[in-house]
Protein chains: 2
Amino acid sequence: MKPPFEKNAGRRASRPSFEPLAPHELELADFFVRMAGILGVPRSVAEIYSLLYISLKPLDFDQIQGRLGMSKGSVSQGLKFLRDQGMILSVKEKGSRRELWHPTPSLAASLVSLLRSQVLPALEQASPALQRVLDGVQSDKTPPEVLERLSRLKRWNNRALELFPLLLPPPPEA
Amino acid sequence: MKPPFEKNAGRRASRPSFEPLAPHELELADFFVRMAGILGVPRSVAEIYSLLYISLKPLDFDQIQGRLGMSKGSVSQGLKFLRDQGMILSVKEKGSRRELWHPTPSLAASLVSLLRSQVLPALEQASPALQRVLDGVQSDKTPPEVLERLSRLKRWNNRALELFPLLLPPPPEA
DNA sequence: GCGTAAGTTCAAATATTAATGAAGATACAT
DNA sequence: ATGTATCTTCATTAATATTTGAACTTACGC
C-alpha cells in the first residue's frame with residue numbers, strides 16, 4: 001500500500017479558444033487539488049474552485065469548462081458540490097440567464113462546512129455502535145485492559161460529539 | 001458525484017477453521033473502517049487494527065489472516081502500514097519466530113502520527129508554491145480583493161506550519 | 001407561447017486504488 | 001549449515017471512484 005492521499009498529477013488541456021492556465025494558476029490548482037485530496041474531494045472540484053479563487057472576476061459555466069478543458073457534466077457536478085457546500089456564490093448579469101460564479105468570502109467557513117458534512121455523520125453513527133460493542137463483550141471473559149480500551153473509545157466519541165457543535169457551529173439556516 | 005467518503009460495506013468471510021467475527025467485533029470493525037475512510041486509509045488496514053484492538057491477547061499473522069479472511073499480501077501490507085505509523089507493536093513468544101501483534105497503548109498518539117504523515121507534507125510543499133503563485137499574479141492587473149484572498153491563503157498556510165509542531169509534537173526519534 | 005440558451009442527468013468509459021496470490025527473500029531453530 | 005516457518009514483494013486482478021458526453025429538462029428572452 002502506498003501512503004494514502006497521493007493522487008497523480010494528470011492535467012487537462014484547455015479547450016481551444018480559451019486561455020490555458022498560466023503557470024501560477026496551475027500552481028494554485030495543484031495546491032487546492034492536494035488539499036482537497038486529503039478531504040477526499042475529487043480533483044475536478046478542486047480545479048474549479050481554484051480557478052474561481054484566482055480569477056479576477058466571476059466566471060460563467062462556459063469559461064470554466066473552456067479554461068479547464070473539462071466536460072460539461074463535470075463542471076455541472078462540480079459547481080453543484082461547491083454550491084451545496086456553500087463554497088461558491090453566483091451573480092447574474094441582467095438580460096442573461098447565465099450565472100457567474102465566485103468563491104464565498106470566507107474560505108474558513110467553507111472548510112468548516114466541508115468538515116462538518118464529513119465527520120459529524122460518522123461521529124453520530126458511531127455512538128450507539130460503540131455502545132453495542134461494549135454490550136457485546138462479555139465482561140467476565142474480557143481482560144480489563146481491553147474493556148478500558150473500548151470504553152475510552154466511547155468516551156472520546158461522546159466528547160467529540162459534544163465539542164463539535166462548539167468548535168464548528170452549524171451555518172444559520174434560512 | 002457522491003458526497004465523498006462513502007465506502008461500501010462489503011465484508012469478507014473468515015477462513016474455515018478460524019472463528020468468524022462476532023457481531024460486536026463486526027460493529028467495531030465498521031466503526032474503524034468508517035473513521036479510517038475519512039483519513040483515506042483502506043478498509044483492510046482498519047479491519048486489522050480493529051481486530052487487534054478488541055482482541056483479548058496479541059494475535060499472530062495467521063490468526064489475523066484467518067479471522068478476517070484476508071490475503072497474505074494484505075495482512076503483510078496492513079501490518080507494515082500500522083507498524084510504520086506506530087499504531088501497533090509486537091511481542092514474540094520465545095522459541096518461535098512468530099510475531100504477536102497488539103495495538104500501542106495510546107490511540108491518540110497513533111492518530112496524531114497518522115495526521116502528521118498526511119497533512120504535514122502537504123502544508124510544507126504548499127508554502128513555496130503559494131509564494132510562487134503570489135509572485136505570478138501581476139499586481140497591477142489583479143484586483144485587490146483577489147490579492148487579499150491569495151495572501152490570506154499564504155498566511156494561513158504559514159500559520160498552520162508553525163502551529164503544527166506545537167499541537168502534534170513529532171515522536172521522539174531513536 | 002415558443003425556440004433555444006443554459007444547465008442537469010446518468011449510463012457508459014476511464015482512471016485510480018486496493019486486494020490477491022504465487023514466487024521470492026530472510027532468518028531462526030535445529 | 002540447512003530446511004523451513006514466516007513474512008514480503010509485486011505483477012495481476014478486482015473493486016471503486018471519477019469523468020465524459022449525449023439525451024433530456026427547464027425557464028427565460030423574445
Side-chain angles (χ1 to χ4, degrees), chain A residues 1-13 15 33-34 36-49 58-66 68-84 88 90-101 118, chain B residues 1-15 33 36-49 58-66 68-84 88 90-101 118:
Chain A
M1 201 191 75
K2 279 187 286 190
F5 301 154
E6 290 182 16
K7 304 227 169 178
N8 90 350
R11 285 264 179 53
R12 287 168 231 281
R15 286 204 324 215
V33 166
R34 226 183 141 78
I38 293 182
L39 291 172
V41 173
R43 88 178 292 115
S44 62
V45 173
E47 285 179 356
I48 293 172
Y49 187 80
L59 302 184
D60 69 29
F61 195 106
D62 281 356
Q63 295 176 105
I64 296 169
Q65 193 192 346
L68 295 175
M70 190 179 282
S71 71
K72 261 171 117 192
S74 289
V75 173
S76 176
Q77 294 185 178
L79 288 176
K80 174 172 173 29
F81 177 88
L82 293 168
R83 211 189 305 133
D84 291 352
I88 59 175
S90 69
V91 295
K92 273 184 191 165
E93 280 173 329
K94 70 165 183 179
S96 165
R97 295 171 54 191
R98 235 159 231 285
E99 308 213 53
L100 303 174
W101 297 98
Q118 306 277 344
Chain B
M1 199 192 73
K2 279 188 289 189
F5 300 156
E6 290 184 15
K7 304 228 167 176
N8 91 350
R11 284 266 178 50
R12 287 167 231 281
S14 72
R15 286 206 321 217
V33 166
I38 293 181
L39 291 172
V41 173
R43 85 178 295 116
S44 63
V45 174
E47 286 179 356
I48 294 172
Y49 186 80
L59 301 184
D60 70 29
F61 196 105
D62 280 356
Q63 295 176 104
I64 296 168
Q65 193 193 345
L68 295 176
M70 191 178 280
S71 72
K72 262 174 111 180
S74 290
V75 174
S76 177
Q77 294 187 177
L79 289 175
K80 174 171 171 33
F81 177 88
L82 292 167
R83 212 190 304 135
D84 290 352
I88 58 175
S90 70
V91 295
K92 272 184 192 165
E93 280 172 332
K94 69 166 184 178
S96 165
R97 295 172 52 192
R98 233 157 233 284
E99 309 214 53
L100 302 174
W101 297 97
Q118 305 278 342

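A note on names: the letters A, B, ... follow the listed sequences, proteins ahead of strands, and every chain is numbered from 1.
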Handout entry: Contact pattern, 5' to 3', of nucleotides 23-30 of chain D - B, S or - by protein heavy atom under 4.0 Å
Key = ---BBSS-
Completion exercise
Here the gap from B:Ile38 atom CD1 to A:Ile38 atom CD1, rounded to the nearest 0.5 Å, amounts to 14.0 Å
Handout entry: Nearest-Å distance for atom pair CD/P, residues B:Gln65 and C:dT20
Key = 9 Å
Exercise for the section: Map B:Val75 and A:Ser71 onto DNA chain D by nearest heavy atom, then report which one ends up closer to the 5' terminus. Expected result: B:Val75
Problem - Closest approach of A:Lys72 to A:Phe61 (non-hydrogen atoms, all atoms of both residues) - result: O-CZ, 3.5 Å
Exercise for the section: Check for a donor-acceptor pair, side chain of B:Gln65 on one end and backbone N or O of B:Met70 on the other, with a separation under 3.5 Å. Expected result: yes
Handout entry: Atom-pair distance (CD on B:Glu99; P on D:dC7), nearest Å
Key = 6 Å
Exercise for the section: Send over the distance from A:Asp84 CG to C:dG7 C1', rounded to a whole Å. Expected result: 15 Å
Problem - Between C:dT20 (P) and B:Arg43 (CZ): distance, integer Å - result: 11 Å
Practice task
Mind checking the CG-OG spacing from B:Leu82 to B:Ser90? Nearest 0.5 Å is all I need.
Solution key: 12.5 Å
Problem - Residue-phosphate contact under 4.0 Å: B:Ser44 side-chain N/O, C:dA19 OP1/OP2 - result: yes
Practice task
To the nearest 0.5 Å, tell me how far B:Ile88 CD1 sits from B:Leu79 CG.
Solution key: 4.5 Å
Problem - Euclidean distance, atom CG of residue B:Asp60 to atom C1' of D:dT6 [Å, nearest integer] - result: 10 Å
Exercise for the section: Examine D:dT8: is either OP1 or OP2 under 4.0 Å from a nitrogen or oxygen in the side chain of B:Arg83? Give yes or no. Expected result: yes
Problem - Side chain of A:Phe61 (C-beta onward), nearest among C:dT20, D:dC7, C:dT8 - result: C:dT8
Exercise for the section: Could you tell me the separation between the CZ atom of B:Arg98 and the P atom of C:dA29, rounded to a whole number of Å? Expected result: 13 Å
Exercise for the section: Look up atom OG in B:Ser96 and atom CG in B:Asp60, then write down how far apart they are to the nearest 0.5 Å. Expected result: 8.0 Å
Handout entry: Rounded distance [0.5 Å steps], OG in B:Ser74 versus CD1 in B:Ile64
Key = 12.0 Å
Exercise for the section: Would you kindly give the CD1-to-P distance between B:Ile64 and C:dA19, to the nearest whole Å? Expected result: 15 Å
Problem - Quiz item: B:Gln77 side-chain donor-acceptor pair to D:dC10 base, under 3.5 Å - result: yes
Practice task
Return the value, rounded to whole Å, for the distance between atom CG of A:Leu79 and atom C1' of C:dA6.
Solution key: 12 Å
Problem - Phosphate OP1/OP2 of C:dT20: any B:Ser74 side-chain N/O under 4.0 Å - result: yes
